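Working notes, beginning with the structure itself.
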Amino acid sequence: MIDIPKNKKLILFDGVCNLCNSSVTKVIRHDKKNVFLFAAIQSEAGQKIINQLKIDVSKVDSII
């Protein structure tokens, strides 16, 4: 089980998508209050979160 702090927002993204990676980089650059957490959909943590939250990745495959 992955615990996501209540004061954080989670962004899951396609780690092999250049547009997704660029978007994450832009969010990080502008996230001055350190609000966002990130995980690639393909990562172990990303897979655990997807399973834990029962996200249907067949409907969304780039940024969640």
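Numbering of residues begins at 1 and proceeds along the displayed sequence. Quick caveat: nothing in here was measured; it's all calculated off a predicted structure.
- With Leu12 as reference, Ile55 is the one residue of Leu53, Leu37, Ile63, Ile55 to meet the side-chain contact (heavy atoms from CB on, under 4.5 Å) rule.
- Separating the OG atom in Ser23 from the CZ atom in Phe38 is a distance of 10.0 Å, to the nearest 0.5 Å.
- Checked by atom type and distance alone, the side chain of Ser43 never pairs as donor or acceptor with a backbone atom of Ala39 at under 3.5 Å.
- Around NZ of Lys8, the count of heavy atoms belonging to other residues, nucleotides or ligands within 6.0 Å exceeds 12.
- Taking 4.5 Å as the limit, some side-chain heavy atom of Phe13 sits within range of a side-chain heavy atom of Asn21.
- Both Val57 and Ile4 are members of a single hydrophobic cluster when ILVMFWY side chains are connected at heavy-atom separations under 4.5 Å.
- Atom CG of Asp14 and atom CD of Gln42 lie 4.5 Å apart (nearest 0.5 Å).
- Taken from CD1 in Ile2 to CD in Glu44, the straight-line distance is 8.0 Å, to the nearest 0.5 Å.
- Side-chain contact between Ile41 and Gln47 is present, with heavy atoms from C-beta onward closer than 4.5 Å.
- In this structure the side chain of Lys48 never reaches within 4.5 angstrom of the side chain of Asn51, judged on heavy atoms.
- Side-chain contact between Ile64 and Ile11: absent, with no pair of heavy atoms (C-beta onward) separated by less than 4.5 Å.
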